[in-house]
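Each remark here refers to the structure printed beneath this line.
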Amino acid sequence: MPTQNHFANQRTLSVLLDRTLLGLSAATTVILFVWMLYYSNCGLIPGDEGWWLNSMANPFAYSIKIPPNFYDLIYHWPYQWAVGDIAVLRMANVTLTTALGWILSFLTVRRLWMVGWPHAATLSAGIASLALVAFQWRALTPNYYTLNVQSALMVMIGLLLADRPGRMRQVLGFVLVGVGGWGSFMARPATAAAIAVVVMVYAAALRRKLLLPMLGAALVAVALLTATAYVIGGGINGLVTHMVKGTQGIALLGGGHELSHILRIDRLETSPSQLAIALLAATALLLSIFMSNYKLLTSLVLASLLIATLAIALLGADPISIKLTTLFLVPTFTCLGATFYRGGMVLRTQAPTSIALALMFLVLPHLLALSSRVNYWSAGSDACLFWMLAVVAFLSPLAQEGGSVATLLPLTVFAQLLTASVVNAGMLNPWRQVKDLRAYTAITALPGGGKLVLSQSFHDYLATARAQARAAGLEVGTPVVDLSNAPTLLYVLEARPLGLPWLFGGYSGSNAVAVKTLGLENCADLAKAWVLIAPEGPRHLDQAGVMASFGAGQADYVAAAAFEVPVIDGYYPNAHSQFLLKPVRPAALAEQSCREAKR
């Protein structure tokens, strides 16, 4: 009897500790999500974000797209629904990404582990917090990076649903795979092609009746692509023409996006300190999973990590300094360490489904990075949730030993800690913005009636530029040729960029691309266009050469406004002046000169 009471007390204690930790983990998940939403109205990237906003505001204005993608068509209608309110768009983007990550994590846990609905929902929500790493650069505004991640999440959700019994699940599954494949094409065509191949290999490897659902998915994707082609104009031939022009344009830019650079193996850039952190984290994770005889000690450690996670999120401290490569190293070391458990039991007892899913999750981040000019490991870390789900799939044989909650809970806690550290680092050093997002205080009105909280220096720059431009006569919708590499400023001025939503500066072929794309514009628009220049600015375009391509010169304009650009780490290394030039030639003469220059 005393022995039975002892075991009963142990079980009661174990259940109580699990429930307490699950509750604390659920609270941490909610706080991480609200934390991201709360700061969604802070910051504005001076380069890329203007490109995304200009593109989705008017995706039909350009006859060439560089790079060749069509994400702006998808986001055009949400942009109109939000009336251009950037904060609303960001919150919707964060919510959608998190929701898709949660659904995929939940389906993975329910598919491979013996966990009830309530526990699975809590554990998967904590693991899915890693989806927030997609916004590590503070690029919360909808863009083709996040669309690519969202599309991959949809594809995997569809695969898991299509693999389950029930006609409705299978239909929903192949529809989601098709929609996800289409979305991936709209974001990054190279990724869509790679995912299509991997999905077919996955379906064939499991020897299930998945080939027919995958055929349905292909039909859905083709139907959506066909509809997209006619929305763009010109049907399939028009779509192909856009792709060819965009591919030629990106090659002309010379920024490392060429087709020959798509299939490459980049070096995993890490340091001894990050290797040590990853090794210690993986060791602690494995000990937390396998030390079932030390329930109280394990629970105390996990509770401490959750409290540290909350402290990072709420206080902004950065004691760990997790780097992007660590997001891959921790899952990798965890899987390697697990292979030694009980003489390789985890490896020997793998089911075909868990092996296939683990491999899919492992390679997906790299597939999402295809055609990116940056290091594939860094680009792939946006989708590090897949790496953690690979661990969930790889360790699934442990479900046969019972204690699924005790095994998955450490994975959940470590996922939340990694998320908090990486996202917090992005707030302390936001990409191409003034440091420490939490210190921003300047409320800035933007087009559409929305407002963002910016650094004081960036706010003053935008407010001064807008006031001077309006005083000089720049009206909403006025065409502007931007030779200063400042697409976000054009968005704030509500001007209409010519050539491209962003005339990229700083590449070997930047001037050639500007000449090529402006050559596709109507001479009537070029004749009345204003010009924005920054002679001393970084990555500015060749003023004389580009203007000459449409028959204009310095003498044809007068400086209508001048404003100082502040120092912004990673984008504007030095303060410099920008000048807004107003055309003074008669429009008829300017138009004639443009036509002659084009001939």
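For the numbers below, each heavy atom of this structure counts, side chains included, while hydrogens, waters and symmetry mates do not.
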Is it true that Arg90 and Glu49 have a side-chain N and a carboxylate O under 4.0 angstrom from each other? yes
Would you say that Asn143 contacts Leu147 through its side chain, given a criterion of any heavy-atom pair below 4.5 Å between the two side chains? no
What orientation do Tyr71 and Tyr75 show, parallel under 30°, tilted 30 to 60°, or perpendicular over 60°? perpendicular
Quick check: does any side chain N or O of Thr191 sit under 3.5 Å from a backbone N or O of Leu367, one acting as donor and the other as acceptor? yes
Do Trp102 and Thr29 come within less than 4.5 Å of each other through their side chains, counting heavy atoms only? no
Without swapping roles, check the side chain of Tyr376 against the backbone of Ser371 for a donor-acceptor pair under 3.5 Å. yes
Report yes if some heavy atom in the side chain of Leu161 is under 4.5 Å from a heavy atom in the side chain of Leu176; otherwise report no. yes
Taking the side chain as C-beta and beyond, is there a heavy-atom pair between Val155 and Leu364 under 4.5 Å? no
Would you kindly check if the NZ (Lys) or CZ (Arg) of Arg188 is within the cone defined by 45 degrees around the ring axis of Tyr144 and under 6.0 Å from the six-membered ring centre? no
Note, Asn148 side chain near Ser184 side chain (heavy atom, < 4.5 Å): yes
Does any donor atom in the side chain of Asp569 or Gln433 lie under 3.5 Å from an acceptor atom in the other side chain? no
For the aromatic rings, using the six-membered ring if either is Trp, is the centroid distance between Trp431 and Tyr571 under 6.0 Å? no
Just wondering, do Ser124 and Thr108 contact through their side chains at under 4.5 Å, heavy atoms? no
Kindly indicate whether the side chain of Lys323, heavy atoms from C-beta on, has any atom under 4.5 Å from the side chain of Thr326. yes
Do Trp113 side-chain atoms and Thr407 backbone N/O form a donor-acceptor pair below 3.5 Å? no
Any side-chain donor-acceptor pair under 3.5 Å between Asp48 and Trp137? no
Atom of Leu44, atom of Leu452 and distance for their closest heavy-atom approach: CD1-CD1, 3.9 Å
Is Thr28 reaching over with its side chain to a backbone N or O of Leu24, donor-acceptor style, under 3.5 angstrom? yes
Trp387 and Phe361: aromatic ring centres closer than 6.0 Å? no
side-chain hydrogen bond (donor to acceptor under 3.5 Å, both in side chains) between Trp52 and Asp72, worked out: CA-CA 7 Å; Trp52 305 330; Asp72 48 353; over 6 Å; no
Between the side chains of Thr325 and Gln274, does any donor sit under 3.5 Å from an acceptor? no
Residues Tyr491, Trp51; criterion side-chain contact (heavy atoms from CB on, under 4.5 Å); working and verdict: CA-CA 8 Å; Tyr491 177 79; Trp51 171 27; over 6 Å; no
Test item: side-chain donor near acceptor, Arg438 and Asn424, under 3.5 Å: yes
With the side chain counted from C-beta on, respond yes when Tyr202 and Met214 share a heavy-atom pair under 4.5 Å apart, and no when they do not. no
